[in-house]
Each structure stands twice: as C-alpha cells, then as structure tokens.
Amino acid sequence: MRLRKQALQANLTGYLFILPQMAIFLLFLVYPIVEGIRLSLYQINYQNERFVGLDNYASLFSDPVFFKALLNTVVFVVCIVLLTVGFALFAASAVFDKNAKYVSFIRGSYYIPVMVSMVVMSMVWSFLLNPASGLISYLAREAGAGQVNVLGGGKTVMPVIIFVTFATNVGQTIILYIAAMIGVPKDLFEAAEVDGASRWQTIRHILIPSVQPSTVYISIINIIAVLKIFVVIQLLTGGGPNNGSVTLMYYLYNNAFKFNQLGTASAVGVIMFLITLLLSVPQLRSMLRQT
Amino acid sequence: MPHKTSKKREPYDLVSNVLVAFFAVLNLFPLYWLFTSSLKNSADVVKMPPDWFPATITFDNYIDVFRSQPALRWTFNSLFVSGVSTVLVIIVGAMAAYAFSKLAFKGRNIIFVVFISSLMIPKEIMIVPLFRIIQDFGMVNELSGMIWPNVATAFGVFLLKGFFDATPDALREASRIDGAGEWRTFAQIMLPIVKPGIGALFILNFVQVWNDYLWQMVVGQEKNMKTLMVGTATLMQDLNPNYAYKMAGATVAAIPMLIIFLLFQRYFTHGMTAGAVKE
C-alpha cells in the first residue's frame with residue numbers, strides 16, 4: 001500500500017517537472033501541426049472555412065510555380081549540402097591537428113559570417129553583386145565580361161545563391177567536423193603512420209570513415225536548414241527572375257501572407273513537414289539508440 | 001596526425017592548408033567591404049574604380065540610421081526576444097531534462113522520444129496555423145508572440161539531459177537523505193552542477209533566436225515592433241538609395257553578434273559539440 005502510494009507520488013513529481021515544457025510543446029508545436037493538416041483540407045476566406053478535401057493539393061500539383069519551387073528547393077538542397085559537407089571535410093581535415101591558435105583562427109574566420117547572420121550577409125552580397133555599383137560587377141567588367149547582372153539572369157541566379165548560402169554557412173559545419181576529428185583516437189593515425197600511409201591516404205581511409213556518424217548528423221541538419229531557405233531569396237532576388245529562384249518556403253510565405261491563400265500555404269507546409277519527418281528518421285534512430 | 005616528429009611536411013598538407021587559410025581570409029572580405037562601405041559618403045561608396053580603403057571617413061550614415069529608423073528600439077526588441085526566449089527555454093528545459101534523466105515515472109521514455117522526434121521540425125513550415133494561434137491570443141505585434149513558439153522546441157531538453165545524465169546519482173541521493181524535497185534537490189544541488197550545459201544552451205539559443213527572421217517578420221508588422229534583423233532588412237527596400245546608409249544599418253545589425261562571438265567563442269564549440277557529435 002505504502003509502496004503504491006510512493007510510486008504514485010513519484011509519477012506525479014515527474015509529471016510536474018515536465019509539465020511546463022509539455023504544455024508549451026503541445027500548444028505551439030503539436031497543435032499547429034494538427035491544425036496545419038486540417039487547414040490544408042479547407043478553403044479559407046477570413047472567418048469562413050469550407051471543406052474542400054484534397055483540392056488544395058490538387059491545385060498545387062497543377063501550378064507550374066509550385067513545381068519550379070519544388071525543383072529549385074531540391075537543387076538548392078543537393079548542391080548546397082554537397083558543397084558544404086565536401087568543403088568542410090576538406091578544411092577540417094587540413095587543420096584539425098595543427099596548433100590551437102591556428103585552428104581557432106580558421107574556426108573563427110569561417111564562423112563569423114554565420115554569426116552576423118544571413119540577413120546581413122545577404123545585404124552585403126546584394127551590394128557586391130549590384131549590376132551598376134557593385135564591386136563584383138565592376139571587377140567582372142574590368143575582366144572583360146561586359147555588363148553583368150548575375151542575379152537577374154535565369155542561368156546565373158541559382159549558382160550565385162548556392163554560392164552565397166554555402167559561403168555564409170559553411171563555418172558551422174567546419175566547427176562540427178573539427179570537433180569530431182579531434183575526438184578520433186590517436187592510435188589509429190599512429191598505426192597508419194607505421195604502415196607508411198601518406199596524409200591523404202590517412203584522411204581518406206581513416207579520418208573520414210571515423211567521422212561518419214557526424215557526417216550523417218551534419219547532412220541532415222544542413223538538408224533541413226536549406227529546405228527552409230528564405231532570407232537570401234527575399235533579399236537577393238525576391239524569387240525572380242521569372243520565378244527562377246523561388247523556393248518552397250518562399251512560395252509558402254507568398255501564398256500565406258501576400259495572396260491570402262491559407263489553405264494552399266498549409267498544404268505546402270504539410271508537404272514540407274512530411275519531407276522533414278522522412279529526412280530525420282535516420283538521425284532520430286541514432287539519437288534514440290544513445291538514450 | 002602522424003607528424004609531431006617528422007620534419008618535412010607533405011605537399012598535400014601544405015597545399016590544403018594554404019587553400020583553407022586563403023579562403024578563410026577571402027570569406028571575411030564581404031564583411032570588410034560592408035564595414036568600410038558604411039564609413040564612406042554616398043558618392044564614394046559607388047565610385048568606380050572603388051576605394052579599397054575609405055578616402056574620407058564619415059559616421060553620417062550611422063547617424064542617419066539612428067535618426068530615420070527606430071534602430072535602438074529594434075535592438076531592444078531583439079535583445080528582449082532573444083533573452084526572454086532563452087531564459088524560458090532554460091527553465092522549462094532544465095526541469096524536463098532533470099525529470100527525464102533522474103526521475104522515474106510512467107511513460108518517461110515514450111514522452112522523451114516524442115520530444116526528441118520534434119527536434120528537426122522547423123516552426124516556419126507551420127507558419128499559417130502558428131500565426132492564427134498568435135492572432136487568437138492577441139499577440140500579433142507583440143514581443144510575446146515572437147517568444148512563445150521558440151520555447152516549444154525540445155532542444156534545451158535534449159542538450160541538458162546529456163549533462164544531467166553525467167552527474168553522479170549519489171549526489172542526488174545524499175541530498176534526498178538530508179531531507180531536501182525533489183524541487184530543492186533540483187534547484188540547489190543539481191542545477192549548479194550542470195552550469196556548463198546551461199552556458200552552452202544560453203549562447204546557442206540566444207544566437208539562434210537573434211538571427212531568426214521569418215517568424216519575427218510575420219509577427220512584428222508595425223515599424224516599432226520589428227526586431228533588429230527584420231528592421232535592418234527593410235533598409236534594402238528603403239527609398240534612400242544610398243548604399244553606404246544600407247551598409248551602416250547592416251553593420252549595426254552585425255555588431256552585437258560579433259561581440260558575443262568574440263567574448264564567448266569557447267562556449268560555441270563546446271555547446272554545439274555537446275549537442276551534436278557524441279558518437
């Protein structure tokens with residue numbers, strides 16, 4: 001009897017400790033997801049809601065701009081994540097075993113753009129790339145490339161945004177990789193040295209496989225971060241030219257807050273939610289294995 | 001790696017490090033250009049060929065930014081939203097993390113799994129329903145509307161649970177034997193031990209909320225209710241065509257985070273890796 005009462009009280013204490021987090025979690029995360037799924041099945045006009053089944057999804061799939069947004073987002077995710085992971089592996093493996101001051105200089109230089117944020121960096125890049133008064137446009141003219149407007153060109157806009165996003169954010173990934181590489185047991189390298197392996201061979205066959213779990217984690221957080229890419233689009237191109245750089249998040253935002261198509265916007269949100277969920281499965285598995 | 005003793009550097013090692021260091025410096029050039037442009041006058045800033053270093057230095061652009069925009073108010077809004085969000089994340093997150101780590105209760109594991117599963121979901125994709133909730137609460141154009149959704153994330157729980165897990169159970173038991181209740185044990189004994197975790201969480205969460213953009217833009221629509229990032233971004237569409245003025249605004253937005261980074265650099269690496277790369 002006493003034991004049962006004790007167990008009951010222990011349960012209650014536990015619940016009380018998680019209650020605040022739980023309440024906020026339910027209200028501002030779980031409920032919006034459920035509500036978002038519901039709204040995606042409705043046509044919404046201010047206070048009037050009309051059930052339309054899957055019409056919102058159907059209209060999405062007949063809208064060429066949606067497909068453009070979907071395609072652009074996929075291109076962004078693939079290119080930016082590959083560039084980021086590739087370059088960060090290269091940079092981190094080059095510096096991780098050097099002296100602490102140097103490592104901290106590299107870390108800092110690449111991380112500072114992350115800190116000052118995508119908003120500020122987008123503003124600078126927008127100035128640098130401005131066709132009339134931008135430094136890069138000027139240098140391109142001097143180099144004989146003629147009058148260039150890379151953000152206004154259908155062929156150049158995507159590569160430029162890919163590069164700007166990559167250059168601004170790669171620092172985060174470099175930091176994570178350096179930390180992971182410092183943690184790789186030293187005797188592995190010593191064994192490789194005894195076998196006469198070159199540095200490149202050691203990196204390729206020992207270091208990179210050793211940080212494989214980090215690579216999984218890093219890829220997933222990067223994919224999800226690029227999936228919701230928005231600021232750089234809004235400030236550099238506004239989705240243009242001719243929807244050439246529109247992304248899912250930008251499309252969602254426009255539908256919700258410019259065109260007042262809340263049902264359609266919710267449907268885009270649901271699709272993005274499902275993609276996110278699917279992508280995070282491997283990471284969740286490994287996190288749960290730890291706990 | 002292998003060569004504490006070896007005298008000769010391999011060519012690959014040398015070339016890769018030269019490249020990495022070169023790009024590191026090059027990557028900072030846009031910030032150099034931002035900063036020096038903000039000190040030029042409206043003619044010099046667009047001069048071609050450009051002045052690589054400002055010929056005459058002026059602070060007029062900064063005066064303009066603070067005079068024509070409520071930049072101080074924006075800064076306050078950003079500080080308030082980031083600070084309060086972070087303190088709330090720490091309080092509710094630490095309580096929950098403690099419970100998941102040290103208390104036995106029914107459904108503990110399954111609830112924790114649900115929390116963790118939500119970690120990867122960005123709030124932006126649910127922006128429509130979230131905005132309607134904030135509207136129902138009358139929190140549009142309120143700082144509280146920007147704050148609450150940030151507290152829903154389980155990131156604090158996830159990060160701090162690791163730190164609580166690392167504390168010895170004996171300590172907690174000793175405190176309980178001394179007659180301290182669960183709450184006092186948590187607040188007076190356990191919380192101080194996980195201070196490094198709280199420090200890391202504070203920095204990471206503060207910066208994340210500070211640089212958050214879309215949600216703050218949607219909630220703070222009135223000019224005075226914008227945060228620094230959102231307000232600064234509006235300078236891009238400002239009628240004032242002076243690029244030096246826009247760059248001054250961007251510099252103002254960049255400086256607080258630069259200071260924080262230089263002061264707390266160590267915590268960044270620490271916190272990020274504590275949350276991430278445990279193999």
Side-chain angles (χ1 to χ4, degrees), chain A residues 10-11 13-15 17-18 20-21 24-25 28-29 32-33 35-36 39 91 94-95 97 106 109-110 113 115-117 119-120 123-124 127-128 133 135 138 167 175-176 179-180 189 193 198-200 202 213-214 217 224 228 230-231 235 249 256 262 265-266 269 272-273 276 280 284 287-288, chain B residues 1-2 10 12-13 16-17 20 24 27-28 30 33-34 46 48 50 92-93 95-96 98-99 103-106 113 116-118 120-122 124-130 133 148-149 151-152 157 182 211 213-214 229 232-233 236 243 246-247 250 253-254 257-258 261 269 272-273 276-277 279:
Chain A
N11 277 343
T13 315
Y15 295 143
F17 268 88
I18 63 168
Q21 179 75 74
I24 298 168
F25 174 78
F28 290 106
L29 212 147
I33 292 171
E35 176 72 355
L39 289 175
V95 306
D97 58 341
I106 295 293
S109 313
Y110 283 105
M115 282 298 289
V116 305
S117 90
V119 172
V120 171
M123 288 175 75
V124 190
F127 177 41
L128 285 168
S133 54
L135 179 66
Y138 165 76
I175 288 193
L176 292 173
F189 303 134
E193 191 184 17
S198 71
R199 183 172 172 96
W200 167 245
T202 314
S214 304
Y217 170 80
I224 291 173
K228 56 171 192 167
F230 177 84
V231 178
L235 293 183
M249 199 62 231
L262 297 183
S266 300
M272 291 179 76
F273 170 69
T276 315
S280 47
L284 287 176
M287 279 200 296
L288 293 175
Chain B
M1 237 188 260
E10 289 176 40
Y12 172 79
D13 194 18
S16 59
N17 272 287
V20 169
N27 207 33
L28 289 178
W33 199 244
L34 163 77
V46 292
M48 294 295 161
V92 301
M95 285 172 64
Y98 176 71
L103 304 180
F105 55 94
K106 240 195 188 145
V113 169
I116 294 304
S117 319
S118 74
M120 301 279 178
I121 302 167
E124 286 83 359
I125 60 180
M126 289 301 151
I127 203 160
V128 174
L130 205 52
I133 295 170
W148 286 112
V151 191
V157 181
E182 201 61 68
N211 288 341
Y213 178 78
L214 183 52
M229 285 302 152
T232 305
M236 288 307 282
Y243 258 108
K246 296 181 204 283
M247 293 303 108
M257 282 301 107
L258 280 178
F261 179 67
T269 351
M272 270 205 273
T273 48
V277 271
E279 267 117 80

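Residue numbers start from 1 in every chain, and the chains themselves are labelled A, B, ... in the order their sequence lines are given, proteins ahead of strands.
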Using non-hydrogen atoms and a 4.5 Å limit, figure out which bit of B:Phe261 sits close to chain A: side chain, backbone, both or neither. both
For chain B, find which of A:Pro113, A:Pro32, A:Gly269 contributes the most heavy-atom pairs closer than 4.5 angstrom. A:Pro32
Report which part of A:Leu128 has an atom under 4.5 Å of a heavy atom belonging to chain B: side chain, backbone, both, or neither. side chain
Counting heavy-atom pairs under 4.5 angstrom with chain A, the leader among B:Leu258, B:Leu34, B:Val92 is B:Val92
Looking only at heavy atoms, the pair that brings A:Ala94 and B:Asp13 closest together is O-OD1, 4.1 Å
Between the main-chain N or O of B:Ala96 and the side-chain N or O of A:Gln21, is there a donor-acceptor pair closer than 3.5 Å? no
Pick one of side chain, backbone, both or neither for B:Ile116, based on which atoms fall under 4.5 Å of a heavy atom in chain A. both
Engaged part of A:Leu39 at the chain B interface, taking heavy atoms whose separation is under 4.5 Å: side chain
B:Ile121 side chain reached by A:Phe273 side chain, heavy atoms, under 4.5 Å: yes
Exam field: side chain A:Tyr15 to backbone B:Phe105, donor-acceptor pair closer than 3.5 Å: no
Considering only heavy atoms, which portion of B:Leu103 lies under 4.5 Å from any heavy atom of chain A: side chain, backbone, both, or neither? side chain
Would A:Ser117 and B:Met229 satisfy side-chain contact (heavy atoms from CB on, under 4.5 Å), going step by step from the backbone distance to the final call? CA-CA 9 Å; A:Ser117 90; B:Met229 285 302 152; 3.3 Å; yes
What class does the angle between the rings of B:Trp148 and A:Phe28 fall in, given that below 30° is parallel, 30 to 60° is tilted and above 60° is perpendicular? parallel
B:Ile133, B:Ile127, B:Val113: which one forms the most heavy-atom pairs within less than 4.5 Å of chain A? B:Ile133
With a 4.5 Å limit on heavy-atom distance, are the side chains of A:Met249 and B:Leu214 in contact? yes
Of the listed residues (B:Val151, B:Asn17, B:Thr232), which shares the most heavy-atom pairs with chain A below a 4.5 Å separation? B:Asn17
Check each atom of B:Ala104 against the heavy atoms of chain A and say whether the ones under 4.5 Å are side chain, backbone, both or neither. backbone
Under a 4.5 Å cutoff for heavy-atom pairs, which residue among B:Ala254, B:Ala99, B:Ala24 has the most contacts with chain A? B:Ala24
Heavy-atom closest pair, residues A:Met123 and B:Met247: O-CE, 3.5 Å
Is the ring pair B:Tyr213/A:Phe230 parallel, tilted or perpendicular, if the boundaries are 30 and 60 degrees? tilted
Non-hydrogen side-chain atoms of A:Ser198 and B:Glu10 separated by less than 4.5 Å: yes
Quick check: does any side chain N or O of A:Tyr138 sit under 3.5 Å from a backbone N or O of B:Val46, one acting as donor and the other as acceptor? no
Please round to the nearest 0.5 Å and tell me the distance separating atom CH2 of A:Trp200 and atom OH of B:Tyr12. 5.0 Å
Residue pair B:Met48 / A:Ser133: nearest heavy atoms and the distance that separates them: CE-O, 3.2 Å
Are any non-hydrogen side-chain atoms of A:Ser109 and B:Asn27 less than 4.5 angstrom apart? no
What are the two closest non-hydrogen atoms of A:Ser280 and B:Met120, and how far apart are they? CB-CG, 3.4 Å
Tell me the closest heavy-atom pair linking B:Ala152 and A:Leu29, and the distance in Å. O-CD1, 3.9 Å
Output all residues satisfying ring pair (Phe, Tyr, Trp, His ring centres under 6.0 Å) with A:Phe25, sequence neighbours left out; order by chain, then residue number. B:Phe115
Please state whether the rings of B:Tyr98 and A:Phe17 are parallel, tilted or perpendicular, taking 30° and 60° as the class boundaries. tilted
Partners of B:Glu182 by salt bridge (Lys or Arg N to Asp or Glu O under 4.0 Å), sequence neighbours excluded? B:Arg172, B:Arg176
Non-hydrogen side-chain atoms of A:Val119 and B:Asn211 separated by less than 4.5 Å: no
Scanning both residues in full, the closest heavy-atom pair of B:Ala233 with A:Leu235 reads CB-CD2, 3.9 Å
Are any of the side-chain nitrogens in B:Glu124 or A:Lys228 under 4.0 Å away from the carboxylate oxygens of its partner? yes
